[in-house]
Amino acid sequence: MSADTRRQKAERIRHLLDTEGDAVHENTQVFNEGRYESTANLDDYDELKNEARAIKEDAIERLPELIDQVTEAVEANGGSVYVADDAADANRYMEEVVDGRDVVKSKSMTSEEIEVNESLEARGGDVWETDLAEFVLQVADEAPSHIVAPAIHKSREEIATLFNEVFDPEEPLETAEELTRFAREYLGEKILDAEVGMTGANFVTADTGTLALVTSEGNARKCVQATDTHVAVAGVEKLVPSVEDLQPFVELIGRSGTGQDITSYVSLFTPPSDSPTFGGNELESGDDREFHLVLIDNGRMEMREDDQLRETLYCIRCSACANSCANFQHVGGHAFGGETYSGGIATGWEAGVHGEDSAAEFNDLCTGCSRCVNQCPVNIDIPWINTVVRDRINRGKDGDLDFLVEGLTPDEEPGGVDLQKRLFGNFDTLAKLGSAFAPLSNWAARTGPARSLLERTLGVDSRRELPEFERESLVEWFEKRGPRVGRDEARRQVALYPDAYTNYVRTERGKAAVRVLEALDIRVDVPPAGESGRAPLSQGMVSTAQSNANAVYDAIAPAIAAGHDVVVIEPSDLAMFHREYERLLPEDDYAALQEHSYELMEYVYGLLENGADIDVLPGGDDERIAYHSHCQQRTLDLEPYTVAVLEDCGFDVTTSDVECCGMAGSFGYKSEYYELSVDVGETLVDQFTTEDTADRTVVASGTSCLEQLDALLTRRPAHPVRLLDTQ
């Protein structure tokens with residue numbers, strides 16, 4: 001990426017932060033809080049998600065069969081089914097069906113995908129969006145910024161100004177009630193006059209041809225019942241085998257998307273309906289109503305055959321991934337989105353239906369934090385999809401000196417990878433060199449010319465402090481020092497994994513970890529295991545990550561074979577061991593490492609619960625702590641262990657509930673994303689500068705969290721193990 005491109009992207013993000021960020025943040029937070037509360041009320045939440053996942057897996061596996069089945073069911077009812085190869089094919093068919101008549105539509109992202117409005121309007125008819133938010137965007141001539149709440153970026157005041165300017169009502173519109181009433185009356189007339197009603201479908205049952213529509217306003221029912229012709233547009237992935245299969249989705253979709261136990265309207269249509277229609281102001285027989293189900297392929301069947309993108313088709317378009325994403329919360333879908341789709345899952349959709357170039361525009365906004373994973377109602381591994389597409393985008397680029405780059409770089413990637421990505425993806429090599437030449441390397445990197453060069457050529461923002469490398473790595477320190485607990489008196493034996501940042505930059509936390517474990521009668525070894533693969537994986541360098549993973553396992557395997565435990569300081573590396581290594585290592589190696597690896601404070605908690613003497617650790621004496629847990633630590637449900645240990649040691653702990661620190665790691669260093677990273681981080685800062693928290697010691701578990709808090713607070717944060725250090 002050129003310096004000009006980075007500058008333009010930064011300006012675009014800055015503009016959205018200023019103009020849309022506040023509204024998006026406020027509204028997504030409402031959705032999040034509702035989702036947490038609503039799903040907590042489900043005794044069988046995880047079981048429902050597993051059931052929904054199983055239904056989607058089965059449906060996508062049997063998709064050709066289900067298409068044949070739904071075609072037979074709809075035609076038996078008197079309707080028509082058309083399976084469109086792509087957007088042009090779908091629009092051609094619908095142009096013939098509509099034939100220039102006026103159309104009223106309910107909300108449908110699939111119709112946005114194929115741009116059906118433009119196609120039908122070109123044939124002379126009027127097309128009206130009847131969903132309030134979609135109507136607002138139609139009037140404003142804007143694209144949706146959210147797949148469930150398309151106008152989430154607009155405030156009530158902005159909508160009032162828009163309506164007053166465009167429609168010039170007799171009395172200015174101001175309140176939400178006035179705006180809603182105006183739109184309802186205006187669109188009510190359009191619905192009465194229209195001859196064609198168009199809807200999407202959240203689900204289509206193959207056995208009966210039943211459409212399930214989940215809406216908040218009831219406009220979909222009006223579009224169906226008030227018109228002579230009903231056209232339903234849906235991607236082929238919306239098919240489920242039977243009506244009975246709808247049950248878990250009805251329970252999950254509203255809770256996951258908007259935090260409602262159930263949305264205002266759950267409508268089941270088995271068309272064509274014979275209920276009366278409106279002709280002028282009179283009811284007429286609906287016996288002759290037409291129904292057309294247009295099923296869209298548009299790349300979906302290819303996605304079905306793609307092992308890495310297939311999971312995307314399980315998506316039920318609930319938007320939980322977007323709402324739970326810190327970056328999305330601050331810029332919305334106009335930055336974190338492509339031609340049609342937005343949020344975490346958008347990378348898979350855009351790559352599949354529009355192509356990788358569309359996905360490339362926003363893919364890097366996913367930091368891989370995994371916060372979305374536990375929120376997805378069908379358990380899609382969204383960060384992995386983003387990583388795979390990022391890898392493909394990397395491999396689609398060719399450089400003039402590829403042969404030279406490939407020969408000189410220490411990774412497994414082709415020459416066309418962006419140099420910025422290659423820099424951050426090879427942090428372990430960079431850290432080794434920085435450590436070997438410290439302190440000279442630290443001094444050189446801080447000079448004005450060096451920072452200017454890094455910013456111009458690699459996009460490393462000069463406002464972000466660079467890490468200072470230690471001359472002696474943690475591994476070297478331990479080799480000289482050796483273990484201090486004998487094998488015979490040891491409670492357990494541990495291999496302490498030396499992540500790259502702890503090994504070369506923040507060695508003090510690694511030393512503290514060794515001393516704390518030894519105080520609890522643990523014999524510790526620190527093997528030279530190398531980079532976990534997290535750094536290259538964050539840049540979409542999958543081959544390099546796989547190479548790193550195999551090297552790490554080889555270094556740790558002797559300890560595992562000997563029955564020792566593996567303890568990890570950095571949560572994102574433990575997440576690699578427990579999640580991503582399933583895709584990077586042979587099955588048996590992954591299972592062995594996953595079974596024997598623990599986060600540091602989780603391990604300390606386990607030792608204390610099993611009889612270790614807490615009195616050997618320093619007492620907290622009610623010291624007031626403000627603690628922020630790392631994203632991936634929360635995904636693995638490990639935060640409670642740290643809080644429990646600190647409280648048991650006598651610390652007074654309050655915790656943050658913000659989604660993310662803003663990723664001051666490789667994401668926050670990039671000049672195009674620096675301001676977004678800081679903007680996200682300020683939300684955490686606000687929590688740690690209240691009357692109750694302003695004087696508390698700030699503690700965080702993740703490297704990126706610590707670096708962000710260090711940059712944004714006047715108090716220097718610490719890793720929790722530093723509070724327990726016996727030295």
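Only a predicted model underlies this, so the values are computations on that prediction, with no experimental measurement involved.
Other residues, nucleotides and ligands contribute only 12 or fewer heavy atoms inside 6.0 Å of the CD atom of Glu465. The number of heavy atoms from other shown groups lying within 6.0 Å of CG (Asp637) does not exceed 12.
Every residue two or more places apart in sequence or in another chain that forms a side-chain contact (heavy atoms from CB on, under 4.5 Å) with Asp589 is listed here: Tyr553, Leu585, Pro586. Residues that satisfy the side-chain hydrogen bond (donor to acceptor under 3.5 Å, both in side chains) test with Ser435, not counting sequence neighbours, are absent from this structure. Considering only residues two or more places apart in sequence or on other chains, Gln539 meets the side-chain hydrogen bond (donor to acceptor under 3.5 Å, both in side chains) condition with Ser666, Lys670. With sequence neighbours excluded, the residues satisfying ring-ring contact (aromatic ring centres under 6.0 Å, His included) with Tyr641 are Tyr605. For Asp657, the side-chain hydrogen bond (donor to acceptor under 3.5 Å, both in side chains) partners two or more places apart in sequence, or in a different chain, are Gln687. Listed by chain and number, the residues in a ring-ring contact (aromatic ring centres under 6.0 Å, His included) with Tyr603 are Tyr598 (sequence neighbours excluded). Trp477 pairs by the side-chain hydrogen bond (donor to acceptor under 3.5 Å, both in side chains) definition with nothing, not counting sequence neighbours. Take Glu479 and apply the salt bridge (charged side-chain N to carboxylate O under 4.0 Å, His left out) test, not counting sequence neighbours, and it matches no residue. Evaluation of the salt bridge (charged side-chain N to carboxylate O under 4.0 Å, His left out) rule for Arg471 yields no partner, not counting sequence neighbours. Judged as a salt bridge (charged side-chain N to carboxylate O under 4.0 Å, His left out), and not counting sequence neighbours, the contacts of Arg6 are Asp418, Glu672. With sequence neighbours excluded, the residues forming a salt bridge (charged side-chain N to carboxylate O under 4.0 Å, His left out) with Arg481 are Glu518, listed by chain and number.
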(request) Could you walk me through whether Glu599 and Glu639 pass the side-chain contact (heavy atoms from CB on, under 4.5 Å) test, one step at a time? (result) CA-CA 10 Å; Glu599 192 260 345; Glu639 178 185 20; over 6 Å; no
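Note on ring orientation: taking the six-membered ring where Trp is involved, the planes of Phe336 and Phe328 are tilted (angle from 30° to 60°). Using cut-offs of 30° and 60° for the angle between ring planes, the Phe667 and Tyr673 rings count as parallel.
Side-chain contact, Thr635 with Asn374: no donor N or O sits under 3.5 Å from an acceptor N or O.
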Can you give the donor-acceptor pairs under 3.5 Å from side chains of residues 504-512 to other protein atoms, not counting sequence neighbours?
{"residue": "Arg506", "atom": "NE", "partner": "Glu707", "partner atom": "OE2", "Å": "3.3"}
{"residue": "Arg506", "atom": "NH2", "partner": "Glu707", "partner atom": "OE2", "Å": "3.2"}
{"residue": "Arg509", "atom": "NH1", "partner": "Thr703", "partner atom": "OG1", "Å": "3.0"}

